[in-house]
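Following: one structure in structure tokens, then a few remarks.
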Amino acid sequence: MSTSAPSLAVWKFASCDGCQLSLLNCEKELLAVADAVQIAYFPEATRGYIEGPYDISLVEGSITTGEDARRIQEVRAVSKRVITIGACATSGGIQALRNSADVRDFTEAVYAHPEYISTLERSTPISAHITVDFQLRGCPIDRAQLLEVVAAFVQGRQPRIPTYSVCVECKRRGLTCVAVAKGMACLGPVTQAGCGALCPSFDRGCYGCFGPQDSANTSSLADRLASAGMTSRDIQRLFSTYNVGSQAFGAQAQREQGGAR
Amino acid sequence: MAGVSVLDLAGLGALLDALHSRGYTVLGPTVRDGVITTGEVHTLEDLPRGVGDEQDAGHYRLRERGDDAIFGFAAPMQSAKQVFFPADELIWRGRRTPDGAFDVGHAQSDPAPVALFGVRSCDLAAVGVHDAVLDRREFVDTRYQARRDGTFVVAASCAEPAGTCFCVSMDTGPKPTGGYDIALTEILDGEHRFLAEAGTPAGEEVLAEVPAQPADYDDVAAADEVIDQARSRMGRTMRTDGLRDLLYASAQSPHWEDVANRCLACTNCTMVCPTCFCTSVEDVSDLTGDIDERHRVWDSCFSQEYSRLHTNFVRSTTAARYRQWATHKLASWQDQFGMSGCVGCGRCIAWCPAGIDITAEVAVLRGTALREAKG
Ligand code: SF4
Ligand code: SF4
Ligand code: SF4
Ligand code: SF4
């Protein structure tokens, strides 16, 4: 670890830790990461703690409590650059399902003593609270993309993270389109690339875990799924996962509400 | 018939052997993961025997034909595009040297010569388009050229056009008329056999090594009948008279907006199109910055970033992007390269997850244009 290397901190909010683990999973590259940046704060990986300020902060998780909302301001204050990692931090995560419901219904269904639960009405992305320098998508994020973003920030260049659809990667790999050749529901056409078309490569439709691509036409895809026999309820479910908090997916889930078709 | 011979199945296998013994990597149709696509063909067994396809807008399925046909299907999922024009091409790799300089090595493309086997007439026409665009202009794509040089082509006539085929409209099929070393037409009527025509001296030489009978009048008539049948069973048509002017006159048509309501801007149509050649150049570096690579990757006019100029998008809407694509394929390609950018293979129709059909959209434009002309 060279002393001139930029310092890196990793912060966790409401999330499952999967994205932080992606960083730890970079086994092959971890030494290079440790060389390129000084890992100053990363409770998941080390007990060492270096006081801020930090050059780069990676933020995982969404804001779901008043305490979170206060803490994220502190993170911003001690960070030169803030990069959100994952669907929770970038669009609110699966926990944003509460946004179109009454959160008390959930707490009462899940917890024995809901009165001890102090939580906000909505799960919101980090960017709803502070200025964010880059948002990395995925549930979880893709290792190679994470390394690319860290490299870009260390080297002071633009990260090369495409915003086009998963279909681009799917076709570049020469995979069979599961939508066209197998009649499966695939969110690839409306979802941002980054995973390398992982699900279609395993004979599954894309679940949309990277959130909407830059020109997502969710209503057309929903029309196609409906005319192939999918019910409004199922289409709503399809759009109501990790990125239901994104504008494009959330709005489509709303449109399907109540069996609009 | 001089120069025309007839092979049986064993003869077809011997043709494969002859190509292999000449050192070619033989690439042809194979069944993989629910589709017919391009893969390495070692023996007859690798070819899709008795397999047909069913193609329509946004729809592709394999089907059992109930016979022994080897070429009883239409355009495979992939054309020959990626054989010569790969989806991801390493252009150079640089390494930082201890003295701080950069050592740049240019990637060499694989020189192993390729034999295309059973390539369809529309796809062969598309290879011709890429030759003109990439290999015969002032600046040549040297990697394309290196792969393309010394290619051997065994073309196959189509007997079973798919619901998405319209090569007859585009004058590219169903029987190949050039660009091949050997052209095969499969005859299922009577004895299962293949009419083989040499198109080049190299083709003649290879055919001479393969056990075959000289073709008689009946063989040629039977092959002609196969082609005539195919010609009359095109799944789709596109009127091409005045097509270029139609597209230019339709620049402000409200119909682009209508297509955009359906279009997913997913890029599938351009990725599967055998003539689409849009790429982006991407530079990647590792964390240390010591190793850098430049890649050329397939991109698409349907991607928003592809139209970014400085801070703005030249084509910010999907309507503008679909218009760009259709107008380039069918109109400005003619001005640019003196030929159509569409060969009528129908892939953009079959592999569009929204089932958008270029022949139908053009027919609408024609209808609209007609109504406007009539006032
Ligand atoms: S399988 Fe899904 S991601 Fe792949 S091309 Fe088809 S629709 Fe797109
Ligand atoms: S478009 Fe013509 S040449 Fe191409 S696959 Fe269809 S029938 Fe064959
Ligand atoms: S535009 Fe469509 S039909 Fe024409 S060559 Fe391309 S993929 Fe084939
Ligand atoms: S026309 Fe079809 S394949 Fe092409 S971008 Fe639009 S939806 Fe995708």
Problem set entry | Test item: B/E282 side-chain N/O and A/R160 main-chain N/O as donor-acceptor pair under 3.5 Å | no
Seminar exercise, completed: Cut-off 4.5 Å, heavy atoms of chain B, and the answer for A/V33 is both
For this session: Say whether A/T163 and B/Q304, considering side chains only, have a donor N or O and an acceptor N or O under 3.5 Å apart.
Result: no
Exercise. Nearest heavy-atom pair of B/C266 and A/V168: which atoms, and what distance?
Worked result: O-CG2, 4.1 Å
Seminar exercise, completed: Here the pair of heavy atoms bringing A/A151 nearest to B/D286 is CB-O, 4.2 Å
For this session: Enter the distance from A/Q158:CD to B/D283:CG here, rounded to the nearest 0.5 Å.
Result: 13.0 Å
Seminar exercise, completed: In this structure, CE of B/M77 is separated from NZ of A/K171 (nearest 0.5 Å) by 6.5 Å
For this session: Assess whether atom CZ of A/R157 is packed by more than 12 heavy atoms of other residues, nucleotides or ligands within 6.0 Å.
Result: yes
For this session: Measure the spacing between SG of B/C352 and CZ of A/R224 and express it to the nearest 0.5 Å.
Result: 7.0 Å
Exercise. In Å, rounded to the nearest 0.5 Å, how long is the span from CG of B/L264 to OG of A/S215?
Worked result: 11.0 Å
Exercise. Within a strict 4.5 Å, meaning less than it, do heavy atoms of the A/C177 and B/W351 side chains meet?
Worked result: yes
For this session: Drop me the distance from B/D33's CG to A/L175's CG, to the nearest 0.5 angstrom.
Result: 8.0 Å
Exercise. Just wondering, are more than 12 heavy atoms of other shown residues or ligands nearer than 6.0 Å to CZ in B/F102?
Worked result: yes
Exercise. B/V35 and A/A181: which non-hydrogen atoms are nearest, and at how many Å?
Worked result: CG1-CB, 3.9 Å
For this session: Identify which part of A/S165 has an atom lying under 4.5 Å from any heavy atom of chain B, answering side chain, backbone, both or neither.
Result: side chain
Problem set entry | Minimal non-hydrogen separation, B/W298 against A/R172, with atom names | O-NH2, 2.6 Å
Exercise. Do A/R173 and B/D88 sit within salt-bridge range, that is, some charged N less than 4.0 Å from a carboxylate O?
Worked result: no
Seminar exercise, completed: What one should report as the nearest heavy-atom pair of A/N217 and B/N261 is ND2-O, 3.0 Å
